[in-house]
Amino acid sequence: MDCLLEVEGLRTAQLGPLDLCLQAGELVQISGASGSGKSLLLRALADLDPSSGAVRLAGQDREGIEPPDWRRQVAYVPAETAWWASEVAEHFPSGWDKGQALAWLERFSLPEESLRWEIERLSSGERQRLGLLRAFLNRPRVLLLDEPTANLDLENTRRIERAVRSYLAEGGAGALWVSHDTLQRSRLGGRILEIRGGRLV
Amino acid sequence: MSVISLSAWDLSLAALLVVALAGLTLWARLGVGRSLLIAGVRTVLQLLLVGLVLQALFDHAQLGWVALMALVMLAIAGYEVMARQERRFAGIWGYGIGAATMFVSAFAVTVLALTTMVGPTPWWEPQYAIPLLGMLLGNTMTGIALGLDRLTQTVWRERRVIEGRLALGDTWVSATATMRREAARSGLMPTINAMAAAGVVSLPGMMTGQILAGVPPVEAVKYQILIMFLIAAGTGFGALGAVWLASKRLFDQRSRLRLDRLRPVRRG
């Protein structure tokens, strides 16, 4: 079987060795006690933290791909998204497609005006939906979701779950999802891997 | 040109003023009387020492001795830059970035000025070389220290934003553009302010000194202008270089933000 994202003998300062095979369209959940290294695993895969071992995207070695290209394709979305300019659309990747953005806004139940909303006035639910949307505009092939719905109400949580599901279904992308919430785990379904003692079990 | 030589008696009178000030601060319980006196004693000892060193250097004007003096000055300035960083780089980089950029900027500008503008014979004549280098090092030191400190502080504070931008596919260069600009600006500001205020708000020290020594004011002004421009160039190139080197060092070859290359801050 072919892996979309293939990890072999991944090691970081705290983790490893880890092996993992994520297939196209698949959602794999990562669980583990707090401090077990779930975020560290996602950060290492996005190449935000140093790691050794082999990481391949559709058979291509990570070392052969420029870091910005890798991170656009293997998108890390943290529990708290970062904003630095004053309006929403200023945070979108250069050359973003308006039609695509509008389609995503609709699915996230956000109006078109939200592209010009001020960051200061966004609610946490809006921030997380727009943060995910911003990552979708890069058309990533792997989503690394680090508790993207932490601190959100059920309605916003559901919206994000549905959006990710439909993104995976139509584009052949895969996702690793870190979640603490047991109800969310059963809603999401799929394989669940646990990190224990720095290893995946 | 003549200078009125100061006697030990003249200096003692000036010292009495400091002692009187110390007495007043003691009476007002400012708690600085002791450090004021110690600082006064240090001034006397350090300046006498450097006066003797300079006298010896002038008497034995040899390139080797001048170069040694210059290197000692650079080494101390490098240490000063490092000591002024709240979040300094770990290992040799903490010292190296400041010292290397000061070497390039202050040294290069001094040598350029000596060989093309001032033109003493020989070009390393200590009477010109050492004061010029001293003024340049003193100013580039401040600019570089300010620029580096601002850079590491902002990058540390904005680490989430930087990593957020990297995660969206930005390069480290564009993810840190505003922070690098801000850091370079804060390194340059003191020099720009000093140039803008020169002669209006303050009479620069070197010019004042030359005038006291009997140099015609217009000659002293010409020297001051030269020095101001050299300082601006040295500080500017130094601060820009230091900020660029430091930002490169904050990221690795896979453009990952490496805050682990900074030493942890000691509080207290």
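Below, chains carry the letters A, B, ... as their sequence lines are ordered, and counting in each starts from 1.
- The environment of A:R191 atom CZ is dense: over 12 non-hydrogen atoms of other residues, nucleotides or ligands sit within 6.0 angstrom.
- Proximity to chain B among residues 128-145 of chain A is limited to A:R134, A:A135, A:N138, judged by heavy-atom separations below 4.5 angstrom.
- Residue A:Q100 places its CD atom among more than 12 non-hydrogen atoms of other residues, nucleotides or ligands, all under 6.0 Å distant.
- No more than 12 heavy atoms of other residues, nucleotides or ligands shown are found within 6.0 angstrom of CD on A:E120.
- Atom CD1 of B:I92 has 12 or fewer neighbouring heavy atoms from other residues, nucleotides or ligands inside a 6.0 Å radius.
- Among the residues in residues 24-44 of chain A, those with a non-hydrogen atom closer than 4.5 angstrom to a non-hydrogen atom of chain B are A:R43.
- Along residues 77-86 of chain A, the residues that come nearer than 4.5 angstrom to chain B, judged on non-hydrogen atoms, are A:E80, A:T81, A:A82, A:W83, A:W84 in order of number.
- Heavy atoms of other residues, nucleotides or ligands lying less than 6.0 angstrom from CZ of A:R187 number more than 12.
- Nearest heavy-atom pair across A:H91 and B:L168 is O-CD1, 4.3 Å.
- With rounding to the nearest 0.5 angstrom, the CZ atom of A:R71 is 13.5 Å from the CZ atom of B:R165.
- Heavy atoms of other residues, nucleotides or ligands lying less than 6.0 angstrom from CZ of B:F237 number 12 at most.
- Atom CG of residue B:D170 and atom CZ of residue A:R72 lie 8.0 Å apart, to the nearest 0.5 angstrom.
- Atoms CZ and CD1, from B:R254 and A:I65 in turn, are 8.0 Å apart once rounded to the nearest 0.5 Å.
- Between atom CG of residue A:D47 and atom CG of residue B:D252 there is a gap of 8.0 Å, rounded to the nearest 0.5 Å.
- Within residues 144-160 of chain B, the residues approaching chain A closer than 4.5 Å by heavy atoms are, in numerical order, B:R160.
- The closest side-chain heavy-atom distance from B:R258 to A:P50 is below 4.5 Å.
- For chain B, the option among A:P93, A:S94, A:P68 with the highest count of heavy-atom pairs below 4.5 Å is A:P68.
- Closest of all the heavy-atom pairs between A:S51 and B:R256 is N-NH1, 4.1 Å.
- More than 12 heavy atoms of other residues, nucleotides or ligands shown are found within 6.0 angstrom of CD on A:E194.
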